[in-house]
2 protein chains.
Amino acid sequence: MGATKTEHFTDKQNSIATLAKALGHPARVAIIEYLIKVDTCICGDIVNELPLAQPTVSQHLKELKNAGLIKGEIEGNAICYCIDKKAIEKLQNYFGIISAKITDKKNNCC
Amino acid sequence: MGATKTEHFTDKQNSIATLAKALGHPARVAIIEYLIKVDTCICGDIVNELPLAQPTVSQHLKELKNAGLIKGEIEGNAICYCIDKKAIEKLQNYFGIISAKITDKKNNCC
DNA sequence: AATCTTTATCGTAATATTGCAATATTAAAT
DNA sequence: ATTTAATATTGCAATATTACGATAAAGATT
């Protein structure tokens, strides 16, 4: 036991959970916000922006990449990391739909 | 080591991460979707809807509650769990803003 | 009061995450 | 070719999460 039973849930549920999980750490939220702030993809100084050691930052970037939230390509001895717009839009869309459905609810009791 | 360094990040970053983390498991995504589907707060049959044992479901509900995504009140020998609309709206709003900022970006390279 | 039903908690095993020092890798700069 | 600079990987310790059987708690039913 201990491992998540992903096979028992729908692809969409797993997909949303994967994206949400990737943003389930403040360092990774900070990375996304920093990528937006600098208004460019090239950001070799991302380690200096975070209160974490370089290997830790590298690991968080890897997780964001695995989850599909950022795209990255090797660019000399620096790296070019960019937010994957589609992933963010997927979340935006999902919570928009959920939020609308809650508003439409008739039998509220709380 | 091993514990998240929350103190090094902003309250907002931690807040978003907490909500995202709570939805970072397909069972908890499924619980939220089920709460919406039944269109009511009273849902004593939530355990039957999930492919997990009762203590596990109870634990996931607790985590959703701790994260502020659902509200719950004891109601006889059943429980009244409801989605906390504000939490979902917070996420919707956050991803809406992030998404808009990405669209406005000028220096895209990927 | 005894039983049933439903949810919560405890205890514990399996697994995953977090963080970093040490080291490797890779390409640019000298 | 050597050094420098930036990122990745490895290895490991600390902690957190996931899952569930056993048990507790608490109101409902009989």
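By convention in this document, chain letters (A, B, ...) are assigned in the order of the sequence lines, proteins followed by strands, and residues within each chain are numbered from 1.
Distances from the side chain of L52(B) to the nucleotides dT7(D), dC20(C), dA19(D) place dA19(D) closest. Ranking dC20(D), dT18(D), dG19(C) by closeness to the T4(B) side chain, first place goes to dG19(C). Listed nucleotides dA21(C), dG21(D), dA16(D) differ in distance to A3(B); the shortest reach to its side chain belongs to dA16(D). Which of dC20(C), dC20(D), dA8(D) sits closest to the side chain of I79(A) comes down to dA8(D).
With rounding to whole Å, N48(A) atom CG is found 9 Å from dT7(D) atom P. In this structure, F9(A) atom CZ and dT18(D) atom P are separated by 11 Å, rounded to whole Å. As rounded to whole Å, 15 Å separates atom P of dT17(D) from atom CG of L23(B). The interatomic distance linking K62(B) (NZ) with dA16(D) (C1') rounds to 14 Å, in whole Å. Straight-line distance from the CD1 atom of I31(A) to the P atom of dT7(D): 12 Å, rounded to whole Å. The CD-C1' distance, from E63(B) to dT18(D), rounds to 8 Å in whole Å. The CG atom of N66(B) sits 13 Å away from the P atom of dT18(D) (whole-angstrom rounding). Summarising the geometry, the separation between CD1 on I46(B) and P on dA8(C) is reported as 10 Å, rounded to the nearest angstrom.
Although no hydrogens or angles enter the test, the distance criterion places no donor-acceptor pair under 3.5 Å between the side chain of S58(A) and the main chain of Q54(A).
Using a 4.0 Å heavy-atom criterion, one finds that K65(B) contacts no nucleic acid atom at all. Within 4.0 Å (heavy atoms only), Q59(B) reaches at least one base atom of the nucleic acid.
Within the structure, every side-chain polar atom (N or O) of S58(B) is placed at least 4.0 Å from both OP1 and OP2 of dT7(C). Listed pair H25(A) / dG19(C) meets the phosphate criterion, a side-chain N or O lying under 4.0 Å from OP1 or OP2. Taking 4.0 angstrom as the limit, Y81(B) places a side-chain polar atom (N or O) nearer than this to OP1 or OP2 of dA8(C). Using a 4.0 Å cut-off, some side-chain N or O of K21(B) falls inside it from OP1 or OP2 of dT17(D).
Atom CG of D84(A) and atom CG of L35(A) lie 11.5 Å apart (nearest 0.5 Å). If you take CG on L61(A) and CD1 on I31(A), they are separated by 4.5 Å, rounding to the nearest 0.5 Å.
DNA chain D is contacted by both Q54(B) and R28(B); R28(B) maps to the nucleotide lying nearer its 5′ end (nearest heavy atom per residue).
Here the side chains of F95(A) and L19(B) are not in contact, with every heavy-atom distance at 4.5 Å or above.
Relative orientation of the H25(B) and F9(A) rings is perpendicular, given thresholds of 30° and 60° on the angle between their planes.
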